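Notes follow once the structure below has been shown.
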Amino acid sequence: MSFPLLTATAVLPAIGAVATAAVPAARRTAAKWLALLVSLATLALAITVLVRFDPDGARYQLTESHSWIAAFGVRYELGVDGIGVALVALTALLMPFVILAGWNDAEPLETGSRRWRPTQGFFALILAVEAMVIISFEATDVFLFYIFFEAMLIPMYFLIGGFGDRAHEHGEETAATQRSYAAVKFLLYNLAGGLIMLAAVIGLYTVTGNFSLAEIAQARANGSLHMATGTERWLFLGFFFAFAVKAPLWPLHTWLPNAMGESTAPVAVLITAVVDKVGTFAMLRFCLQLFPEASKWATPVILVLALISIIYGALLAVGQRDIKRLIAYASISHFGFIIMGIFAMTSQGQSGATLYMVNHGISTAALLLVAGFLISRRGSRLIADYGGVQKVAPVLAGTFLIGGLATLSLPGLAPFVSEFLVLVGTFTRHPAIGIIATFGIVLAALYTLVLYQRTMTGQVKPEVSAMPDLKVRELVVVAPLIVLLLFLGVYPKPVTDIVNPAVKQTMSDVHQTDPKPEVEAAK
């Protein structure tokens, strides 16, 4: 029996979470190092998965299948395609940086105070999220996916509500109230989506008789599965609603600014760069593959919602006073681009959307983590409390600028390629949508450059005059992400070579081909 590599990639951080939580209370530093080592070991396993994956091989590789709940046809089935393996690698890559960035985020609030932040719990919860996200990207049994799709809400709830940002202008009591509100709102929104999805999962089993993604796809291919049009559409809506909440898509997005604003920067990275990607990934894996006709039926409405997300998120980002809420609304705009690329139903659009998931994860992590370092120094999230930072902390300001330029998709940085592919892929089939979506790029330049101008340039405010520059630990966090943004900006081929075959399979699932150019190329 071959080594269960996919299981190991998900189980290792789960075991690490239990071990970290069990470290004695007085050994906080040991708990941090244990969590970091586990995340690095998980990254090594994820790299092994990436190396062993053959883009030109079978659709799902490194597969594992075992009977789980035989009475209901539930199996423990894992497998990765090009899209899944890219997102597993992204998740494992970001975790060591998240842990290093949050190294001091769970320290005691006050010396001698009884209000202690349980350091072991903080890092254990981060590893638990990693385990659940990874297995969600690997699961090819619908019921297995649903279990972890919902279970990841529990550790995220405690990370948002129990370990919120200390920088709050209204004091600790008000901050605690707002953290609690953000955590409950996050949980309720996502639970509502999950409950609707559960009804759709049960409906899918009633129609198909099993939960195996591969078996359902095979039954569709050989004509043995016949799903009524109305039934398919209702089931699609049940799945899509849950994924649209997780993504998030307008108008189901309102939990995100609260959750990101009240979280520490590393937890905000977990939310938008890792957990939210499960929603867009699942649209590709489950919505399009299980319900191809319903996906095409819903495409016009979804494209309009994605377009609203792009413009609405960017407009609200322009008017934000809070640094992290600005980045949250920018992410809503970016997720609009991802969803637009998925439902453009072109290979360029879907390749761009998948690449966007990876690039957005790296660029948002870089920007949020540097913003977190900035906020921890000043003790405020308000943009108006900064000014002239680049004169006293030039390295911090420079990395913040690169992260911001990546957010606005500057050519030469990784997000540009993915955003360009999404727009090209959308324009070839839906030109009006593609044209309007380009205004999101203009607005992105506005909110990013205004943010940099107001925080980093101008007169040095007295409160930031003694601000220290990035320390060694912080540079270790930021520098690799900056290098990746530059590398993938000029050479995205390593990622596109992995995801393109999977995109072709998805296009085949929905029986779509790329539209031919209206004007023939000159011979």
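Atom set for the values below is all heavy atoms of this structure, side chains included, hydrogens, waters and symmetry mates excluded. This is a predicted model, so every value here is computed, not measured.
Ring-plane geometry between F487 and Y491 is classed as perpendicular, the angle between the planes exceeding 60 degrees on a 0 to 90 degree scale with a lower cut at 30. Aromatic ring pairs are classed by plane angle as parallel below 30°, tilted from 30° to 60° and perpendicular above 60°; the pair Y356 and H334 is tilted. Between F143 and F211, the ring-plane angle classifies as tilted under the 30° and 60° cut-offs.
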Under 3.5 Å, sequence neighbours excluded: what are the donor-acceptor pairs made by side chains of residues 474-485?
| unit_1 | atom_1 | unit_2 | atom_2 | d |
| --- | --- | --- | --- | --- |
| E474 | OE1 | R377 | NH2 | 2.7 |
| E474 | OE1 | K471 | N | 2.8 |
| E474 | OE2 | R377 | NH1 | 3.1 |

N/O donor-acceptor pairs under 3.5 Å from side chains in residues 147-154, not counting sequence neighbours:
none

Acceptor/donor pairs from residues 74-83 side chains to any protein atom, 3.5 angstrom cut, sequence neighbours excluded:
| unit_1 | atom_1 | unit_2 | atom_2 | d |
| --- | --- | --- | --- | --- |
| R75 | NE | S65 | OG | 3.0 |
| R75 | NE | E77 | OE2 | 3.4 |
| R75 | NH2 | S65 | OG | 3.0 |
| Y76 | OH | T7 | OG1 | 2.7 |
| E77 | OE1 | S212 | OG | 3.0 |
| E77 | OE2 | S65 | OG | 3.2 |
| D81 | OD1 | I83 | N | 3.3 |
| D81 | OD1 | G84 | N | 2.8 |
| D81 | OD1 | R285 | NH2 | 3.4 |

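Every pair passing side-chain hydrogen bond (donor to acceptor under 3.5 Å, both in side chains) that includes a residue from residues 387-396 is listed here, sequence neighbours excluded: Q390-Y452.
Inter-residue side-chain proximity for I339 and W250 is flagged as unmet; no heavy-atom pair is nearer than 4.5 Å. For the pair L127/I99, a side-chain contact is recorded, criterion being any heavy-atom separation below 4.5 Å from C-beta on. L213 is listed as a side-chain neighbour of Y60, based on a closest heavy-atom distance under 4.5 Å. Inter-residue side-chain proximity for L159 and S263 is flagged as unmet; no heavy-atom pair is nearer than 4.5 Å. A 4.5 Å side-chain heavy-atom check between V184 and Y157 finds at least one atom pair inside the cut-off. Contact annotation: the side chain of Y447 never approaches that of Y329 to less than 4.5 Å [non-hydrogen atoms, C-beta and beyond].
Ring to ring, H253 and Y312 are close: their centroids are under 6.0 angstrom apart.
When all heavy atoms of A265 and G372 are compared, the closest pair comes out as CB-CA, 3.6 Å. Taking all atoms of both residues into account, the shortest heavy-atom contact from G361 to A273 is O-CB, 3.6 Å.
In this model, no donor atom of one side chain and acceptor atom of the other lie less than 3.5 Å apart for T448 and T407.
Listed by chain and number, the residues in a side-chain contact (heavy atoms from CB on, under 4.5 Å) with L40 are L36, P96 (sequence neighbours excluded). By the side-chain hydrogen bond (donor to acceptor under 3.5 Å, both in side chains) test, S333 is found to be paired with no residue, residues two or more places apart in sequence or in another chain being considered.
Panel note: side chain S376, backbone F373; a donor-acceptor pair is recorded below 3.5 Å.
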